[in-house]
There are 2 protein chains.
Amino acid sequence: MTRISKNPEERKEEILDAAMELFLTRGYEKTSVSDIVRRINVAQGLFYYYFKSKEEVFRAVMERLARQFSERIIAIIRDDSLTFRSRIEKVVDTMHHVLPVSESILMDEIHQEEFRAIHYRLAFQIAGEVIGPIAELLATLRERGLARVKDPKLTASFLVFGVFGLVHGEDDLVHDKKNLTTDTLLDMLSGLLGVSPEVLKNI
Amino acid sequence: MTRISKNPEERKEEILDAAMELFLTRGYEKTSVSDIVRRINVAQGLFYYYFKSKEEVFRAVMERLARQFSERIIAIIRDDSLTFRSRIEKVVDTMHHVLPVSESILMDEIHQEEFRAIHYRLAFQIAGEVIGPIAELLATLRERGLARVKDPKLTASFLVFGVFGLVHGEDDLVHDKKNLTTDTLLDMLSGLLGVSPEVLKNI
DNA sequence: ATCTACTGACTGACATTCAGTCAATAATAA
DNA sequence: TTATTATTGACTGAATGTCAGTCAGTAGAT
């Protein structure tokens, strides 16, 4: 075989890309290391030159995905040109797209289970990364006299996980999803943040 | 080998017990089907007489664990001899013990990852199962004029996921865990439930 | 001439299958 | 009633195929 050497960073990225693509479509278990290397025409050994194990690429893929989403969400939260209301709207919308694959693909039960675990794992990680910026936002609102929050970090954590749960929880167990409008959400949050709903909907 | 036939229900339970024990101590990947059958001295084939796959036992184990916890939590929520405050206390305490194994065991990084996914998966499932009873409790409080909640089911979902997140989120990303006292929690919930903190702490 | 990215055949472990065995129970004949 | 045979279903364990991970060696760049 003719050999093609590449800049290690590119190569590693290439492997990561292939792995991500496959994990997201077929799932972790159904993706073999040889599937990954075949897709980019390199030998099996090369995979292990760049990654210690299949688990390790998986972790890298999860981190990349989590970073992508949390960066998007953080950008929305910090965008002062947006009202509070539309930030909520956009954030919830973005959250809906975490692992959309899991819904679009026909999967046997066994895979559903695996995707679910991955999904929740990701949701938790993203949630964690988003808490800081949310806490900042709450602190700002408090300074401006627009919210009464005792402990912004705590409230932010609670809020983030609460919303993530609403968005990602199983449809049957959680509230009716159709009820999850921005208005309903704001009504509930107004209590938590100590603002009247009217005010909250207009900042 | 001398054969010992058992009542199928017992046998299945026996396999489930062994699998649970092993999954919780070594993790899913590190537990082989032959480990499971060796532990109860039966042939490998018998495993597949009772379960379609390793994934299937795993799912059964998760369901069993989730049921155990959600039953305990639901009992606390419904125990009208307890104050609201002590119900919160006991529920949070119970939640802390979901998969305590993951903390007590020395695990290489690879396993941490696996346990984390399982952990979150479980947390979400338990959370989902607990929402109904919490919603009932909120509805009762509202009827008695003790809380102002627009949509009990929605608020319950939000509350449950919020608290689960606080308890199970990664220590570094979430608020300082030491701040998570019952009082702090009640202060925050008072807003969400539309009750003054003083009242909430005494019902 | 070294180094480093790269190859691909190989190994061992593991999930899953399957053809067959054994023991108990039911059905039938004595 | 007792002896004989058929049937069922729990159980066995060797065989199969797949796959993660290894390693001894090779090509090309510097």
Side-chain angles (χ1 to χ4, degrees), chain A residues 1-23 25-62 108-111 113-114 117-118, chain B residues 1-23 25-62 107-114 117-118:
Chain A
M1 256 292 150
T2 53
R3 268 163 196 236
I4 302 161
S5 263
K6 291 198 177 173
N7 169 357
E9 282 171 31
E10 272 178 48
R11 224 336 105 79
K12 192 166 182 176
E13 206 68 9
E14 201 179 356
I15 296 175
L16 204 59
D17 289 341
M20 181 154 122
E21 170 90 25
L22 291 168
F23 286 155
T25 49
R26 303 184 195 176
Y28 178 74
E29 304 263 12
K30 272 257 172 73
T31 300
S32 66
V33 173
S34 56
D35 286 338
I36 297 172
V37 297
R38 199 177 312 122
R39 175 168 265 256
I40 51 175
N41 294 310
V42 293
Q44 182 122 348
L46 191 64
F47 177 92
Y48 290 91
Y49 184 76
Y50 287 104
F51 294 95
K52 262 189 27 232
S53 67
K54 189 182 163 190
E55 271 283 333
E56 191 178 292
V57 216
F58 179 71
R59 230 177 305 150
V61 167
M62 286 298 107
D108 40 305
E109 277 184 41
I110 288 176
H111 279 86
E113 174 66 20
E114 203 203 302
I118 295 174
Chain B
M1 257 292 151
T2 53
R3 280 157 109 100
I4 302 163
S5 264
K6 292 196 178 174
N7 169 358
E9 282 172 29
E10 272 178 48
R11 223 337 103 80
K12 193 166 183 178
E13 205 68 9
E14 201 178 357
I15 295 174
L16 205 59
D17 289 341
M20 180 155 122
E21 170 91 24
L22 290 167
F23 286 155
T25 49
R26 302 184 196 175
Y28 178 74
E29 304 264 11
K30 272 259 170 72
T31 300
S32 66
V33 173
S34 57
D35 287 338
I36 298 172
V37 296
R38 202 177 311 121
R39 174 169 266 257
I40 52 176
N41 295 308
V42 294
Q44 186 115 345
L46 191 65
F47 177 91
Y48 291 90
Y49 184 78
Y50 287 105
F51 294 95
K52 264 189 25 232
S53 65
K54 189 182 162 190
E55 272 283 333
E56 191 178 291
V57 215
F58 179 71
R59 230 177 304 149
V61 167
M62 285 298 106
M107 282 176 298
D108 40 306
E109 276 183 43
I110 288 175
H111 279 86
Q112 297 251 14
E113 175 66 19
E114 203 204 303
I118 295 175

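Below, chain A is the first sequence line, B the second, and so on; all start at residue 1.
- For the pair B:Ile4 CD1 and D:dG13 P, the interatomic distance rounds to 12 Å; values are reported in whole Å.
- Here the C1' atom of nucleotide D:dC19 and the CZ atom of A:Arg26 are 14 Å apart, to the nearest Å.
- For DNA chain C, the residues of residues 34-46 of chain B within the heavy-atom distance limit of 4.0 Å (strictly under) are B:Gln44, B:Gly45, sorted by number.
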What nitrogen or oxygen pairs link the protein and nucleotides 1-4 of chain C at under 3.5 Å?
residue : atom : partner : partner atom : Å
C:dT4   : O3'  : A:Tyr49 : OH           : 3.4

Donor-acceptor pairs are to be reported for all side-chain atoms of residues 38-45 of chain A against protein atoms at under 3.5 Å, with residues two or more places apart or in another chain.
residue : atom : partner : partner atom : Å
A:Arg38 : NH1  : A:Asp35 : OD1          : 3.3

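- In this structure, the side-chain contact (heavy atoms from CB on, under 4.5 Å) partners of A:Glu10, at least two apart in sequence or on a different chain, are A:Lys6, A:Asn7.
- At whole-Å resolution of the value, CD in B:Glu29 and C1' in C:dA13 are 13 Å apart.
- Residue A:Ser5 places its side chain closer to C:dC6 than to any other of D:dA20, C:dC6, D:dC11.
- With sequence neighbours left out, the side-chain contact (heavy atoms from CB on, under 4.5 Å) criterion links A:Ala117 to B:Ala117, B:Arg121.
- Partners of B:Tyr50 according to the ring-ring contact (aromatic ring centres under 6.0 Å, His included) rule, which considers only residues two or more places apart in sequence or in another chain, do not exist here.
- Among residues two or more places apart in sequence or in another chain, the salt bridge (charged side-chain N to carboxylate O under 4.0 Å, His left out) test is passed with B:Lys12 by none.
- In plain terms, the two heavy atoms of A:Phe58 and A:Phe23 that are nearest each other are CA-CE1, 3.8 Å.
- In terms of phosphate contacts, B:Tyr48 brings no side-chain nitrogen or oxygen within less than 4.0 Å of OP1 or OP2 of C:dT17.
- Taking atom CZ on A:Arg11 and atom P on D:dA29, their separation rounds to 13 Å, with Å as the unit.
- Listed nucleotides C:dC14, D:dA27, C:dT21 differ in distance to A:Arg3; the shortest reach to its side chain belongs to D:dA27.
- Remark: A:Phe51 pairs with A:Phe47 by the ring-ring contact (aromatic ring centres under 6.0 Å, His included) rule, at least two apart or across chains.
- We find that CG of B:Asn7 is positioned 14 Å from P of D:dG9, with the value rounded to whole Å.
- The residue B:Tyr50 sits close only to the backbone: its heavy atoms come under 4.0 Å of sugar-phosphate atoms, none of a base.
- Separating the CZ atom of A:Phe51 from the C1' atom of D:dT22 is a distance of 18 Å, rounded to the nearest angstrom.
- For the pair B:Lys12 NZ and D:dC11 P, the interatomic distance rounds to 13 Å; values are reported in whole Å.
- For the residue pair A:Glu29 and A:Lys54, the shortest heavy atom distance occurs at O-NZ, 4.0 Å.
- For B:Glu21, the side-chain hydrogen bond (donor to acceptor under 3.5 Å, both in side chains) criterion is met by no residue, not counting sequence neighbours.
- Rounded to whole angstrom, the span from the CZ atom of A:Phe47 across to the P atom of C:dG8 amounts to 17 Å.
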